[in-house]
**Student:** 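Below you will find the structure I want to go over with you.
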Amino acid sequence: MALRVYNTLTSEKELFVPLIPGRVGMYVCGVTVYDYCHIGHARAGIVFDIIYRYLKYAGYDVTYVRNYTDIDDKIINRANQEGTDYRTIADRYIEAFDEDMASLGLAKPTVEPKATDHIGGIISIIEALIAKGHAYVSAGDVYYAVETFTGYLKLSGRNLEDMQAGARVEVGDKKRHPMDFALWKGSKPGEPWWHSPWGNGRPGWHIECSAMSMEFLGKTFDIHGGGKDLVFPHHENEIAQSEGANGCQFVRYWLHNGFVNINAEKMSKSLGNFFTIRDVLKTYDAETLRFFILSAHYRSPLDFSDQNLDEARSGLERINSCLAALDEIVAEQSAPRAPAPAGALAEVGLELQEKADQFLPRFTEAMDDDFNSALALGVLFETVRCTNRFIAETKEMTQASLALISRIRGLFAEAGGVLGLFSTAPAVWLEGLKAAKAGGISMAPDEIERLIVERAEARAAKNFKRGDEIRDLLLENGIQLLDSAQGTTWNVK
RNA sequence: GGCGCGUUAUCCAAGAGGCUAGGAGCCGGUCUGCAAAACCGUUAACGUCGGUUCGAAUCCGACACGCGCCUCCA
């Protein structure tokens, strides 16, 4: 097993070698807690969730840190709008964030620090930067002098001259260089503040991540993640701060997830084209959303639309139907009336056995290749197809075929654990899907049942015309009839 | 203007020089009174123009289109 990851710093896939063998330190930028999270946040959360899960699955002892930015202009603005204090806003949206991530089925990070709990560490780093000549005090603020750090912009591959040519940089009179950024901001009246050697104030945005990552992961650690939009300025500034203060490499591997798009445009607050996680979860369940996100590579853009979500749901339904069938076979066997007969596997069984043998090697090969979840899902689907064929073509379950079935089921559970899928029992998931769809119909269940009985009677009397009329009537109301040997049930189309 | 990414069949999507990706759909089959559902099977593609190579979706160049970052952003 040889994990390779795409490192933004080098623009290449590299062999992943942790600093300390067997251990991984990983820091991912969380959110600024001033509003509900949207699907873009969900993607970042889910992407790094499976990276976290896969690293653990690969045997690493992972320390995963994801922060809350709980002090920031936006939080203060929101508090002012509502006539309350920043803490109330921050705590409210921390709680909402936790709820959203839990409903998405994210594993809890090892540590979830808050910026405001690390003011001491922030001040220490700023002091070190001033001492080394990387930062300067200016009228109650402290700024980072970007020209003093030779590696500045190495992550985003730009240079200062070109950046300024962009001409959208404001020249603040407090700054020596227009690209200098605030490490500490003197507080204005009415704003929250902390004591510091430079007067009362609060930290700039970027410094908290340098402080918290160093606190929990040390001066140099393995993986730092976040959305692509954080590359500049946030991560670039983190590098300048941490490497400037510590004089050693900050992060070995930089991982960045792609955006969620709406009609090929980035989903964002400023464009107003966003959907919150809680709104989407009213229509689509968490596993469907996760499956949708996993169906594309984490660095690619991902277009969010009902059609794409529906397709994801169909795909997940296919896998869950197969797993439910496996569960049923296993359950039947748990109380057998007679022991299953012996006998060798037929040809389709041998083929499935080979799929089972290849399953984990292919799955890990896909995930080892920069967490290629889309390719990994392909392995699942191929196995599903072969399994369905095996079930359809196997007339009598022998001991060998039953053993194969439970083996396949176990493999899906194992892969599901890494991908965060199938945590809901497949049969339960399928029931939930049916119930969710049933919410949108106009016909009362009693009426449906009455019509089904009438149709059954008509069909028994060979009055197929009347039977088909009833079937069409129900279909017009979105009710799909499912005839089987056990009778007729219905579903919402 | 600078830097970067992308363009794969009807749609979504993997693919880092020769090896069936996968899913949804369409179509065909099994089942059915006929259907539906389910299952099985099958189909088709590499933006344009050049170049390198025995061989290119994959490497190189140009062009076109789309997107992102350069301002808070996952």
Side-chain angles (χ1 to χ4, degrees), chain A residues 8 11-13 28-32 34 37-48 72-74 77 153 156-159 161-170 179 205 225-234 236 256-261 264-271 274 291-292 295-297 299-303 305 307-319 321-322 325 362 366 369 372-382 384-385 388-389 391-393 459 462-465 467-468 471-472 474-475 479-485 488-491 493:
Chain A
T8 308
S11 305
E12 280 176 2
K13 272 188 208 170
V28 174
C29 291
V31 291
T32 301
Y34 73 103
C37 287
H38 58 63
I39 295 304
H41 301 111
R43 183 176 195 192
I46 288 169
V47 161
F48 287 101
D72 174 86
D73 288 348
K74 291 190 173 185
N77 290 342
L153 303 180
S156 50
R158 310 160 199 245
N159 63 66
E161 291 72 43
D162 292 338
M163 297 286 288
Q164 288 175 87
R168 275 209 278 177
V169 182
E170 272 180 48
M179 293 299 291
W205 172 37
K228 266 194 165 74
D229 46 0
L230 296 182
V231 173
F232 183 88
H234 185 53
E236 206 70 74
H256 293 99
N257 66 277
F259 300 130
V260 176
N261 291 342
E265 277 191 323
K266 179 184 173 181
M267 179 185 291
S268 73
K269 283 276 169 60
S270 46
L271 288 170
F274 63 91
F291 191 88
F292 166 65
S295 69
H297 190 270
R299 285 188 282 115
S300 311
L302 183 60
D303 220 58
S305 69
Q307 189 198 324
N308 290 348
L309 265 291
D310 287 343
E311 278 192 14
R313 186 158 64 183
S314 299
L316 184 57
E317 189 177 1
R318 177 175 167 81
I319 297 178
S321 299
C322 175
R362 292 178 70 202
D369 185 13
N372 193 337
S373 55
L375 184 58
L377 290 181
V379 176
L380 302 205
F381 276 115
E382 279 186 45
V384 163
R385 189 178 52 202
N388 281 335
R389 200 151 43 105
I391 293 173
E393 291 181 17
R459 292 177 72 207
K462 301 271 188 237
N463 185 356
F464 295 122
K465 184 164 174 291
D468 291 352
R471 185 170 71 199
D472 292 344
L474 286 166
L475 197 58
I479 314 292
Q480 191 166 62
L481 293 183
L482 306 173
D483 291 335
S484 75
T488 300
T489 57
W490 58 277
N491 212 336
K493 196 171 165 60

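In what follows, chains are A, B, ... by sequence order, proteins preceding strands, each numbered from 1. All values below come from the heavy atoms of this structure, side chains included, with hydrogens, waters and symmetry mates left out.
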**Student:** Is there any protein nitrogen or oxygen under 3.5 Å from a nitrogen or oxygen in nucleotides 3-9 of chain B, and what are the pairs?
**Tutor:**
from  : atom 1 : to       : atom 2 : distance (Å)
B:rC3 : O2'    : A:Gly157 : O      : 3.3

**Student:** Please give the distance between the C1' atoms of B:rC69 and B:rA9 as a whole number of Å.
**Tutor:**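 One C1' to the other, the span is 32 Å.
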**Student:** Could you check which of B:rC69, B:rA37, B:rA14 has an atom nearest any side-chain atom of A:His297?
**Tutor:**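 That would be B:rA14.
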**Student:** Using a 4.0 Å heavy-atom cut-off across all strands, classify A:Gly30 as base, sugar-phosphate, or nothing.
**Tutor:** sugar-phosphate
**Student:** What's the NE2-P distance between A:His234 and B:rC70, to the nearest Å?
**Tutor:**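 In whole Å, B:rC70 P lies 14 Å from A:His234 NE2.
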**Student:** Nearest to the side chain of A:Leu375, heavy atoms from C-beta on, is which of B:rA21, B:rG68, B:rC72?
**Tutor:** B:rA21
**Student:** Would you mind classifying the nucleic acid contact of A:Phe48 as base, sugar-phosphate or nothing, using non-hydrogen atoms under 4.0 angstrom?
**Tutor:**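 The answer is nothing, as A:Phe48 stays clear of every strand by at least 4.0 Å.
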**Student:** Using a heavy-atom cut-off of 4.0 Å across all strands, would you classify A:Lys269 as base, sugar-phosphate, or nothing?
**Tutor:** nothing
**Student:** Using OP1 and OP2 only, check whether a side-chain N or O of A:Arg389 sits under 4.0 Å from B:rG41.
**Tutor:**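 Yes.
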**Student:** At under 4.0 Å, does any side-chain N or O of A:Ser373 touch on OP1 or OP2 of B:rA13?
**Tutor:**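 No, A:Ser373 has no side-chain N/O under 4.0 Å of OP1/OP2 on B:rA13.
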**Student:** Sub-3.5 Å donor-acceptor pair from the side chain of A:Lys228 to the main-chain atoms of A:Arg299, do we have one?
**Tutor:** yes
**Student:** Expressed in whole Å, how much space separates the P atoms belonging to B:rA44 and B:rA57?
**Tutor:**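 It works out to 16 Å between them.
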**Student:** Should B:rC34 form a Watson-Crick or G-U wobble pair with both distances under 3.5 Å, which nucleotide is its partner?
**Tutor:**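 For B:rC34, the partner nucleotide comes out as none, under the 3.5 Å rule.
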**Student:** Of the nucleotides B:rG33, B:rG68, B:rA74, which one has an atom closest to the side chain of A:Glu265?
**Tutor:**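 So the nucleotide nearest the side chain must be B:rG68.
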**Student:** Keeping A:Gln480 on the side-chain end and A:Asn491 on the backbone end, is there a donor-acceptor pair under 3.5 Å?
**Tutor:**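 Answer holds: no.
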**Student:** Contact class for A:Lys462 vs. all strands (heavy atom < 4.0 Å): base, sugar-phosphate, or nothing?
**Tutor:**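 No contact at all - A:Lys462 keeps every heavy atom at 4.0 Å or more from the nucleic acid.
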**Student:** Say we look at B:rA36 and B:rU43: how far apart would their P atoms be, to the nearest angstrom?
**Tutor:** 23 Å
**Student:** Send over the distance from A:Arg362 CZ to B:rU20 P, rounded to a whole Å.
**Tutor:** 11 Å
**Student:** Distance from A:Leu153 atom CG to A:Glu236 atom CD, nearest 0.5 Å?
**Tutor:**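 The CD atom of A:Glu236 is 4.5 Å from CG of A:Leu153, to the nearest 0.5 Å.
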**Student:** Looking at B:rU7, which nucleotide sits across from it as a Watson-Crick or G-U wobble partner, both distances under 3.5 angstrom, or is there none?
**Tutor:** B:rA64
**Student:** Ignoring the backbone of A:Ser321, work out which of B:rG41, B:rC39, B:rC12 is nearest its side chain.
**Tutor:**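 Out of B:rG41, B:rC39, B:rC12, the nucleotide with an atom closest to A:Ser321's side chain is B:rC39.
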**Student:** What integer distance in Å separates A:Phe232:CZ from B:rC69:P?
**Tutor:**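 Computing the A:Phe232:CZ to B:rC69:P distance gives 13 Å.
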**Student:** Using the C1' atoms only, state how far B:rG25 lies from B:rC11, rounded to an integer number of Å.
**Tutor:**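 Pairwise C1' distance, B:rC11 against B:rG25, rounds to 8 Å.
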**Student:** When rounded to the nearest Å, what value does the distance between C1' atoms of B:rA14 and B:rU20 take?
**Tutor:** 13 Å
**Student:** Which part of the nucleic acid, if any, lies within reach of A:Phe381 when heavy atoms closer than 4.0 Å are counted: base, sugar-phosphate only, or nothing?
**Tutor:**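 Sugar-phosphate: the residue A:Phe381, judged by heavy atoms under 4.0 Å, touches backbone atoms but no base.
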**Student:** In sequence, state the C-alpha distance, the side-chain angles, and the governing distance for A:Arg471 and A:Asp483, and then conclude on salt bridge (Lys or Arg N to Asp or Glu O under 4.0 Å).
**Tutor:** CA-CA 11 Å; A:Arg471 185 170 71 199; A:Asp483 291 335; 5.1 Å; no
**Student:** Looking at every strand, decide which applies to A:Val31 at a 4.0 Å heavy-atom threshold: base, sugar-phosphate, or nothing.
**Tutor:**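 Result for A:Val31 = sugar-phosphate.
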**Student:** Which base sits across from B:rG55 as a Watson-Crick or G-U pair, both distances under 3.5 Å?
**Tutor:**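 The base-pairing partner of B:rG55, which may sit in any strand shown, does not exist here.
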**Student:** Suppose you measure atom C1' in B:rU7 against the same atom in B:rA45; what distance do you get, rounded to whole Å?
**Tutor:** 12 Å
**Student:** If you look at every strand shown and take non-hydrogen atoms under 4.0 Å, does A:Ala374 touch a base, only sugar-phosphate, or nothing?
**Tutor:** base
**Student:** Taking the side chain of A:Gln480 as heavy atoms from C-beta outward, which of B:rC69, B:rA36, B:rG33 is closest to it?
**Tutor:**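 In terms of side-chain proximity for A:Gln480, the closest of B:rC69, B:rA36, B:rG33 is B:rA36.
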**Student:** State, with a plain yes or no, whether a side-chain heavy atom of A:Val260 is found less than 4.5 Å away from one of A:His38.
**Tutor:** no
**Student:** Using a cut-off of less than 4.0 Å, is there contact between a side-chain N or O of A:Asn388 and OP1 or OP2 of B:rC40?
**Tutor:**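 Yes, because at least one side-chain N or O of A:Asn388 sits under 4.0 Å from OP1 or OP2 of B:rC40.
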**Student:** Grab the CD1-P distance between A:Ile319 and B:rC39 for me, whole Å please.
**Tutor:** 12 Å
**Student:** Please determine, for B:rC69, whether a Watson-Crick or G-U wobble partner exists with both distances under 3.5 Å, and give it or none.
**Tutor:**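 By the stated definition (distances under 3.5 Å), B:rG2 pairs with B:rC69.
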**Student:** Among B:rA14, B:rC39, B:rG68, find the nucleotide with the atom closest to the side chain of A:Asn372.
**Tutor:**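 So the nucleotide nearest the side chain must be B:rA14.
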**Student:** Taking only the P atom of each, what is the distance from B:rC60 to B:rG68 in whole angstrom?
**Tutor:** 25 Å
**Student:** Rounded to whole Å, how long is the line connecting atom CZ of A:Phe259 with atom C1' of B:rC69?
**Tutor:** 7 Å
**Student:** Searching all strands shown, indicate the nucleotide that pairs with B:rG41 (Watson-Crick or G-U wobble; both distances under 3.5 Å).
**Tutor:**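 B:rG41 is paired with B:rC27.
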**Student:** Nearest of B:rC34, B:rA24, B:rA14 to any side-chain atom of A:Ser314?
**Tutor:**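 When the side chain of A:Ser314 is considered, B:rA24 is the closest of B:rC34, B:rA24, B:rA14.
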**Student:** What nucleotide, of B:rC11, B:rA21, B:rG33, holds the atom closest to the side chain of A:Arg471?
**Tutor:** B:rG33
**Student:** Which nucleotide, B:rA21, B:rC69, B:rG23, lies nearest any side-chain atom of A:Glu382?
**Tutor:**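 Comparing B:rA21, B:rC69, B:rG23 against the side chain of A:Glu382, the answer is B:rA21.
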**Student:** Give A:Asp483 one of three labels, base, sugar-phosphate or nothing, depending on what nucleic acid heavy atoms sit under 4.0 Å from its own.
**Tutor:** base
**Student:** Rounded to the nearest 0.5 Å, what separation is found between the NE2 atom of A:His41 and the OG1 atom of A:Thr32?
**Tutor:**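 Output value for this atom pair is 8.0 Å.
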**Student:** Between B:rG50 and B:rA64, how far is it from one C1' atom to the other, in whole Å?
**Tutor:**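 15 Å, rounded to whole Å.
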**Student:** Round to a whole Å and report the spacing from CD of A:Glu311 to P of B:rC12.
**Tutor:**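 Going from CD in A:Glu311 over to P in B:rC12 covers 8 Å.
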**Student:** Heavy atoms only, 4.0 Å cut-off, all strands: where does A:Glu393 land among base, sugar-phosphate and nothing?
**Tutor:**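 The answer is nothing, as A:Glu393 stays clear of every strand by at least 4.0 Å.
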**Student:** A:Asn257 has an atom CG; how far is it from atom C1' of B:rG68, in whole Å?
**Tutor:**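 Distance check: A:Asn257 CG to B:rG68 C1' gives 13 Å.
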**Student:** Could you check which of B:rG33, B:rA74, B:rC70 has an atom nearest any side-chain atom of A:Arg459?
**Tutor:**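 Shortest atom-to-atom distance from the side chain points to B:rG33.
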**Student:** In the structure I gave you, are the side-chain heavy atoms of A:Phe291 and A:Leu377 within less than 4.5 Å of one another anywhere?
**Tutor:**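 With C-beta onward as the side chain, the pair touches.
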**Student:** Rounding to a whole Å, what distance do you find between A:Leu377:CG and B:rC12:C1'?
**Tutor:** 13 Å
**Student:** Run the salt bridge (Lys or Arg N to Asp or Glu O under 4.0 Å) test on A:Glu382 and A:Arg362 for me, step by step, so that the C-alpha distance in whole Å, both residues' side-chain angles and the decisive distance to 0.1 Å come before the verdict.
**Tutor:** CA-CA 11 Å; A:Glu382 279 186 45; A:Arg362 292 178 70 202; 3.2 Å; yes
**Student:** Do A:Asp303 side-chain atoms and A:Ala264 backbone N/O form a donor-acceptor pair below 3.5 Å?
**Tutor:** yes
